[in-house]
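Below, chains carry the letters A, B, ... as their sequence lines are ordered, and counting in each starts from 1.
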Amino acid sequence: MFSIIDCNNFYVSCERVFRPDLEHQPVLVTGNNDGCIIARSNEVKALGIAMGAPLHTIRPLIQRHQIAVFSANYALYGDMSQRVMRVIEEQTSGALEIYSIDEAFVKLNTSPAQLEPQAAHLRSIVRQQTGIPVSIGIAATKTLAKLANTCAKKLPTGVISLSDDHSIDELLRVMPVDEVWGIGAKRAEWLIGQGIRTAYQLKCADPVWIQRHLTAPAARIVWELRGVSCLPLDADPAPKKEICTSRAFGKAIQSEQELAEAVAFYTSRAAEKLHKQGGLASLITVFLHTNPFQPDLPQYAAHCKVPLAEPTGNAAELIAAAKRGLRQCYKQGYFYHKAGVILSQITSETMAQGTLFPLARDSRDERLQAVVDIINRTYGRNTMYLAACGTQRTWQMKQGRRSPRYTTSWDELLKV
DNA sequence: TCTGGGGTCCTAGGACCC
DNA sequence: TCTGGGGTCCTAGGACCC
């Protein structure tokens, strides 16, 4: 059985850990520059304040209801998240998939009767050791577990286990189709146009028909609603393929100089993230745009891709490349609202680059062969890209990629 | 020389998630 | 005045190769 453990109003709960006096008070957390709302307590939700609402549109409500407002403290939330995940890991023997900063999937292997008591116990331990309240949904598939979790949030016990078909269908019948995990605004609109309004109707739809008109992932959702698991637990997620750092500016920026400073800063943050996962990037994309919320002003958006000569994690090199990209994108005379960088074509540090030692003439063949052996043994054959000998040089390998310059032929390597 | 099928790789854009 | 900051996956279409 899959269970999903989801922190309730996570950012708000983190703030409350250090402000217990706000326990039953309305609390919200705002994003960058206090622009819009990114987390709400139940009290704030009950006031009808929407996720993502611009702060300035709800000033009167904040005053009237004395809502406590916090600016997001991502360092704190990241730290609290790690604590919660650690407790979950300690308490469950099954594999853990950290799905987001505030959610984790866990596979439970307990007997059906024990599922809810075990979850209730986990919930109280997490609360006790971290101060964070969580809800837990349990079912045969991830999609059903998510639905169970949605319901669990409304219960004082905070735990729901869906096991018998009858109660599952009962729940699906009252669940609007757009609340199903993976059904967003666009798909919901189309489904409703086809007369499919509830999760139950989606479950009964023909997956082949759904795939033809929507996508393969949408068809998978149908199967998952039927109790056929299509989304396995991923306990060992791959390193990030893209790393993005971007911000909206507090005020509009016109000068290239100011933009360059912002872009350099974002690049260094992105390089830190890259370093943390031990990666090297081969491409950096710079983008910038004006404020789409001010359509009366002239609008401009651009992005520029700058390939790196070779994969790098070096911040200075990345910043230099980002600045070159910015020079290409930048146009004078606009009020810029947001900019960012994306690092991509990421390879693992150990895979992508290393250094060969200088070789003495008489030992050359043996040592080169040793290097080739190590590479072939470690990474599989056909990964050799370039080998050098006789002098200290760097070598490169391309992951799973054929290149006109690759070879594993001993004679070729000797020639190189 | 012409034609076509089968396959891969890359890119852009859409949709979705938290 | 003031409108978040990350990510992933899939699809379609074009280029290219055999």
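- Within 4.0 Å (heavy atoms only), A:Arg247 reaches sugar-phosphate atoms of the nucleic acid but no base atom.
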Dot-bracket notation for DNA chain B, counting Watson-Crick and G-U pairs under 3.5 Å, with | for partners on another strand: ....||||||||||||||

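- Between A:His213 and A:Trp190, the ring planes are parallel. Angles under 30° get that label, and only those over 60° would be called perpendicular.
- Using a 30° and 60° split on the angle between ring planes, A:Phe287 and A:His289 fall in the parallel class, below 30°.
- Between A:Lys241 and A:Gln294, the residue whose closest nucleotide on DNA chain C is further toward the 5' end is A:Gln294.
- Backbone-only contact: A:Thr245 has heavy atoms under 4.0 Å from sugar-phosphate atoms and none from a base.
- Using a 4.0 Å heavy-atom distance criterion, A:His337 is classed as a sugar-phosphate-only contact.
- Counting heavy atoms of neighbouring residues, nucleotides and ligands inside a 6.0 Å radius, atom CG of A:Asp165 does not exceed 12 of them.
- Contacts of A:Ala185 with the nucleic acid, taken as non-hydrogen atoms under 4.0 Å apart, involve only primed sugar atoms and P, OP1 or OP2.
- Among the atoms of the strands shown, none is found under 4.0 Å from any heavy atom of A:Ile101.
- Residue contacts shown for A:Ile243 are limited to sugar-phosphate atoms, with no base heavy atom under 4.0 Å away.
- Looking at heavy-atom distances under 4.0 Å, A:Arg269 makes no contact with the nucleic acid at all.
- With hydrogens and angles disregarded, a donor-acceptor distance shorter than 3.5 Å links the side chain of A:Thr267 to the backbone of A:Val263.
- B:dC2 sits 16 Å from C:dC18 when the C1' atoms are compared, rounded to a whole Å.
- Heavy atoms of A:Tyr99 sit under 4.0 angstrom from primed sugar atoms or phosphate atoms, though from no base atom.
- You'll find the side chain of A:Phe2 stays beyond 4.5 Å of the side chain of A:Glu224, heavy atoms only.
- Between the C1' atoms of C:dC16 and B:dG4, the separation comes to 15 Å (whole Å).
- Between A:Tyr11 and A:Tyr77, the ring-plane angle classifies as parallel under the 30° and 60° cut-offs.
- By the ring-ring contact (aromatic ring centres under 6.0 Å, His included) test, A:Phe10 pairs with no residue at all, sequence neighbours left out.
- Between A:Thr215 and A:Ser246, it is A:Ser246 whose nearest contact on DNA chain C lies nearer the 5' terminus.
- Counting non-hydrogen atoms under 4.0 angstrom, A:Asp102 reaches the backbone sugars and phosphates but no base.
- A heavy-atom distance below 4.5 Å is found between the side chains of A:Arg226 and A:Pro207.
- Contact footprint of chain A on DNA chain C: nucleotides with an atom under 4.0 Å from a non-hydrogen protein atom, first to last in 5' to 3' order, C:dC2 to C:dT11.
- A:Trp223 does not carry A:Arg220 over the face of its six-membered ring by the limits of under 6.0 Å from the centre and within 45° of the normal.
- Residue contacts for A:Val29: at a heavy-atom cut-off of 4.0 Å it reaches no nucleic acid atom on any strand shown.
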